[in-house]
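Here is the naming used below: chain letters follow the sequence lines, and residue numbers restart at 1 for every chain.
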Amino acid sequence: MSVRVQREDFDVGAEIAALTQGNMQIGGITSFVGLVRDMGGNTGSAAMTLEHYPGMTEKMLATIDAEANARWPLEASLIVHRYGRLEPGDQIVLVIAASPHRAAAFEACHFLIDWLKTKAPFWKLEETGDGDARWVEARGSDDAAAARWSANTGKEAAE
Amino acid sequence: MSVRVQREDFDVGAEIAALTQGNMQIGGITSFVGLVRDMGGNTGSAAMTLEHYPGMTEKMLATIDAEANARWPLEASLIVHRYGRLEPGDQIVLVIAASPHRAAAFEACHFLIDWLKTKAPFWKLEETGDGDARWVEARGSDDAAAARWSANTGKEAAE
Amino acid sequence: MKVLYFAWLRQRTGIGEEDISLPEGVQDVAGLIEWLKGRGPEFAEALADTSAIRIAVNQEFATLDTSLGGDEEVALFPPMTGG
Amino acid sequence: MKVLYFAWLRQRTGIGEEDISLPEGVQDVAGLIEWLKGRGPEFAEALADTSAIRIAVNQEFATLDTSLGGDEEVALFPPMTGG
């Protein structure tokens, strides 16, 4: 159970190794990496700047992480979220869930990223390529994805 | 779309990087790593040896990989499965699915490992700690996990 | 009390963070927002549609009717788009 | 034809891979298994419960009634436990 908010990039393999090594109860590790997609079309660069709310961000990520650990039998979990300016192809976020059982690892990891998307105070300012920039709007599909977990206690994945 | 069967260990971070770098359409990468769990209890070591059917293994993995790519809009996918003797904590299998959309990446990755478990010709011989060894029995829960995807075309994740 | 603005709320108000005293008569977040709107057109415009605004009080999600005593950290921001 | 055995089928028969000619009268996998069982007690025992055996013909999953012509690669093994 650990969360980090940082400007620097991260190394998925190293994070997985550090989080899980020495723990022989782990049968499966699911990880998710979010990348900056090039939504550019003809607008050229689709670089973006991620703003966040220092203090509250860490608090919300820790709350989400604790919720995942309460719902699923996890041996280890991690959320790393970057802020600052990022370019297409750059890594934005890393979520890892490790469990004795693979279904729990998958569900917890999916839950973590779905909840994070709607509950962690980050905002994306997308460069439009003409020197201007626009705030990315929240998507209804993200709300729907997060809501999916509201009535789900996750116990079905504990086997 | 790529599969490998090998004795050697793998580096998750390096595999993700090699698979996805330069592709600016990828928004999310889900990966799963299966580890040898210590089921030991009092029996000491729970090392195991993975036997497989060379030729058919590669063929089945490629078929499963193609099925995932047909069901979900993936930009990249990878299956790496090890064989030979492995010890508790060792990595057994790596599955990666990368897509513009995170739900597709999650579902395709979960599908790949669920199908692989029941359709790829691997067999685990577990050391019992007293110099003896026993063949691990197939689990009904693995059949159920694989069957869950039979009626599911995956289109709901394509957004 | 401390008031923080993020994303386009920060840009439109021109303020990231400010310290204010709880205005007389303000008892909840809705009252604070009404008071802020009276400070000038940039505030009136930025805060016009409260359905587009998310609220945190002391770094926990809050609503328009969350009570304020005067020593809180209140943050106003649009729906989140991280991850 | 080539016949392969894996996991405990390999151990119990003592054979990993062998080349045989299609025995007279054998037309499908069920017939082949019956014929193999007649080769000795280790085969009779290993192949006694066909519900515990999975079959591949030319590296594709097959069933007891899959036809055999004589030039196939037939593999017999328990349910898989990889991943």
Among residues 24-55 of chain C, which ones touch chain A with a heavy-atom distance under 4.5 Å?
none
Residue by residue, which of residues 5-15 of chain A have a heavy atom closer than 4.5 Å to a heavy atom belonging to chain C?
none
Can you name the nearest heavy-atom pair linking M80(C) to A138(A), along with the distance?
O-CB, 3.9 Å
Go through the atoms of K59(A) and report whether side chain, backbone, both or neither lie under 4.5 Å from a heavy atom of chain C.
side chain
Shortest non-hydrogen contact from W123(A) toward P78(C)
NE1-O, 2.8 Å
Scan residues 48-67 of chain A for pairs that pass ring pair (Phe, Tyr, Trp, His ring centres under 6.0 Å), counting only residues two or more places apart or in two chains.
H52(A)-Y83(A), H52(A)-F122(A), Y53(A)-F6(C)
Can a donor-acceptor pair be found, under 3.5 Å and without considering hydrogens, that links the side chain of T81(C) to the backbone of K124(A)?
yes
Considering only heavy atoms, give the residues of residues 58-75 of chain C separated from chain A by less than 4.5 Å, sorted numerically, with 'none' for an empty result.
N58(C), Q59(C), E60(C), F61(C), E73(C), A75(C)
